Amino acid sequence: MIFQSLTYLSFLLSVLAIYWSLPRRAQNVLLVAASYIFYGWEHPWYLLPLWASTLVDYGCGLGMERFPARRRWFLVASVVASIALLGTFKYAGFAVENINVALTQLGFHPISSVMRLVLPAGLSFYTFQSLAYIVDVYRGRVRAERNLLDYALYVCFFPQLIAGPIERAWHMLPQYRSQRIFDPAGWRGGLTLILWGFFKKLVVADNVAVVANKVFALSDPTFPVIWAGVLAFAVQIYADFSGYTDIARGTARLLGIELMKNFNHPYLATSPADFWRRWHISFSTWLRDFIYIPLGGSRCGAARASFNLMATFAISGLWHGASWNYVLWGIYWGLLILAQRFLRWLGITRAIPILLKIAITFGLTSFGWLLFRERNLTQIIHDLSQSPLAAGFGQWQIGLYLAVLISLYASPLIVHLIATVFVLPRWQTKIILPEIGSFVLQSATAILLFLGIIAARSVVTSDFIYFQF
Amino acid sequence: MRISEKGRLWLFVGLVLIVPALLNRLVPAKSRFDAKPITRLRAKQPDLILIGDSILASRINSDLLEKELGCSVAMLWKGGAASAWWYLAFKNYVVAAGVHPKAVCIFFRDRLLTSGTLRTTGIFRRPLESAMHDHEPAVRLVLGEDRVPGTGLEKWTTLLYPWNGRRYVQHEKLSWLALRTVTKTGHGARHLERRVNDAFDVNQLRRGVTESTELAGTETAPFDADPTQNFLPHLVEVAARARIRLIFVRTKRHPGPDGRVAQSDSLVRYVAELRNWLENHHCTLIDDTENDAFTPEMFLKEKDDHLGSWAKSRSTKIYADQFRSLLLP
């Protein structure tokens, strides 16, 4: 089921209407049932890997507590099961393709081909969420959940099932166990957040996607055109993904559940490391807690710390998709952060003005998006070999036109950024709006967002980018 | 008066839904009718009028065709146009201009003549509205109504909020603003717009990126001249009333290396039934699918039905030969 459909609207309204008339336990039953309907709506078989993951990790969690001496075995079993699930659906075809290439190069016969399976939407997200639970139980950070229903809800909660945020058990399970209170003011905030999410997706992301898709469909784009396309994709992927998160968080709020913040103005980052503290926060903290730190983090020798960092980012790239361009993208980010550490060690970064730092980080991030967007390594090389001097005045004018058009579509994001980062925090300390004032402000914002969606939504809609991961 | 939190929530939801609906009533229902083609047709008084989409434009050079046939030729085409626009262009331009051509040729591919709702929404809506009057019974019949295209949520949203159906207006305005920002002048903006269109032309795209995918959905539909489903019967009826001869030209799609176009049994059946129906209604069908004169190297690129610019003269001459005998008194 996709968010931007009449089916989802009817589904959500029905769930909300029933949900708030039920006691807590029945609310959870409803949410689990609704989540399964939501997830299996178009492809009922998607539910099979979801159920398998839920049952295995629920069982392993309980097993760890009942048989403490064999905790490690349960951990290994759960991790192997999760990797097997991901491997089967996401990486098997890719692995066999690469093995075949290697064998052919070495003069051997390729092994029989493996069919590429359809990747169930959200598999990478809920698998990582389940892994987080099992590792936290192993480390004793959370108690194993005894109630299968609550655990199933932790894995399948529909607002965040397809594209996160990748939540933690210690944040979600207590919410599922406690009584939820209908809060009309929270609802207003939730509805405004949903509208803002839809605005980002339908007005900003889908409109700039038209530019990005056109540029990345060209066989021989010139320098200014390709970089205008990269700018379009940088705006698209942020508006698309953070838009999804806002819709998820807003919807959860209508159900009395609070989801974590997944973005914190990532394009205001002043360094590569800072970018990852602001971008897809639930994923970057997952990588930090479950890959980077267990590998030894930075509390070891420089060589080992560098290896840990590169390995973490290579996994991050591979998590996004079974393709070499994602691995390259991950390695690129690992190298950037290594370079940043080196420059900081040399004491160079302190001298750079903050605005320049933001501009440099945005430029480096955008370069990374080129690696992310172009699936074909030959095309990446082609794009990077374009010289700015080879493009004529006409091509520069086209590139500039595209950049202005992208900026116009992205202007609501800029206004929001200025308002939330620079203006509102200052106002809040000086002016305290009366209750009616904040109601009027919130209503006006919501009306503007709704009008914007009606009047400027793209005529071409597409799935959320992160659905494919 | 103090309103409870719940009351405020209802007021909030009401305001968000109602205020935009009220503001939406201030918007004109459709784009202005573009009467320029009528003026051009009246000035030219053509003997032959060709109607179609970019496939037509890639096949015929009207100046050369005029020379070959020795008569005046007018072309009415829109990139991405389909049967709804062809019907409106014929009724509201050709017939409304009061010209008396010897024939009007409509160029189409496979089942497009009976795909009534194809290319009537989104970016295709504005050209459609420009050729449409306020009261269009046939459009109302085929599309369900004359101003509310789409289905499901889209349709309901447009009924409540007419801006939803006219989103292309905002996109055009933003695009124009960007063009003006870069070029500073209106003339320069139009020039740049043409260059942007050229830069993203189909022949600049990577292999495998084709525009014909949207035709795939209709691949098994049987022939049906239902006036509530497609514009073909309306088109023929208007032509009969205006005593204008209609010639339908089924263009050859991109052939395989042997020069043949693979056709499913259902498509062959469909075309036979279409031919039968057209002949019963005193129209002519020219089917170029089996025409060996259109060779694979004339096509722009793989899987693309457009001809390359290098093949336009040759293609025009092929059509001139076909039309010559048909236009004899």
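Naming convention: chains lettered A, B, ... in sequence-line order (proteins, then strands); numbering from 1 in each chain. Bear in mind that the values here come from a model prediction, so they are computed numbers and not experimental data.
Two residues are said to be in side-chain contact when any heavy atoms from C-beta on lie closer than 4.5 Å; B:V16 and A:L191 fail this criterion. Within the 4.5 Å cutoff, the side chain of A:L451 has no heavy atoms near those of the B:Y161 side chain. Counting heavy atoms from C-beta outward, B:P20 and A:I447 have side chains that approach closer than 4.5 Å.
Within residues 370-395 of chain A, the residues that have a heavy atom under 4.5 Å from a heavy atom of chain B are A:E374, A:Q379, A:G394, listed by number.
The most heavy-atom pairs under 4.5 Å with chain A, out of B:L192, B:T181, B:L177, come from B:L192. When the candidates B:L17, B:N164, B:V13 are compared by the number of heavy-atom contacts under 4.5 Å with chain A, B:N164 comes out ahead. Residue with the most contacts toward chain B among A:A456, A:P184, A:A185: A:P184 (heavy-atom pairs, distance under 4.5 Å).
Interface remark: A:I398 contributes backbone and side-chain atoms alike to the contact with chain B (heavy atom separation under 4.5 Å). With a 4.5 Å cut-off on non-hydrogen atoms, A:L449 does not touch chain B at all. Residue contact with chain B, scored on non-hydrogen atoms closer than 4.5 Å, is absent for A:V210. With a 4.5 Å cut-off on non-hydrogen atoms, A:N207 touches chain B through its side chain but not through its backbone. Using a 4.5 Å cut-off between heavy atoms, B:L23 touches chain A through its side chain atoms alone.
The environment of CZ in B:R32 is sparse: at most 12 heavy-atom neighbours from other residues, nucleotides or ligands sit within 6.0 Å. The neighbour count for A:W41 CH2, taken as heavy atoms of other residues, nucleotides or ligands under 6.0 Å away, does not exceed 12. Heavy atoms of other residues, nucleotides or ligands lying less than 6.0 angstrom from CH2 of B:W10 number 12 at most.
Considering NE2 of B:H191 and CD of A:Q397, their distance stands at 7.5 Å, rounded to 0.5 Å. Note that OG1 of B:T157 is 9.0 Å distant from CG of A:L9, once rounded to the nearest 0.5 Å. Distance CD/B:E5 to CH2/A:W187: 14.0 Å, rounded to 0.5 Å.
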**Q.** Test side chain to side chain contact (heavy atoms under 4.5 Å, CB included) applied to A:T192 and B:F12, step by step
**A.** CA-CA 10 Å; A:T192 311; B:F12 172 82; 3.4 Å; yes
Output side-chain donor-acceptor pairs under 3.5 Å for residues 399-414 of chain A, partner residues at least two apart or in another chain, one line each.
unit_1 : atom_1 : unit_2 : atom_2 : d
A:Y401 : OH     : B:S175 : OG     : 2.8
A:S407 : OG     : A:A403 : O      : 2.7
A:Y409 : OH     : B:H171 : ND1    : 2.7
A:S411 : OG     : A:L408 : O      : 2.6

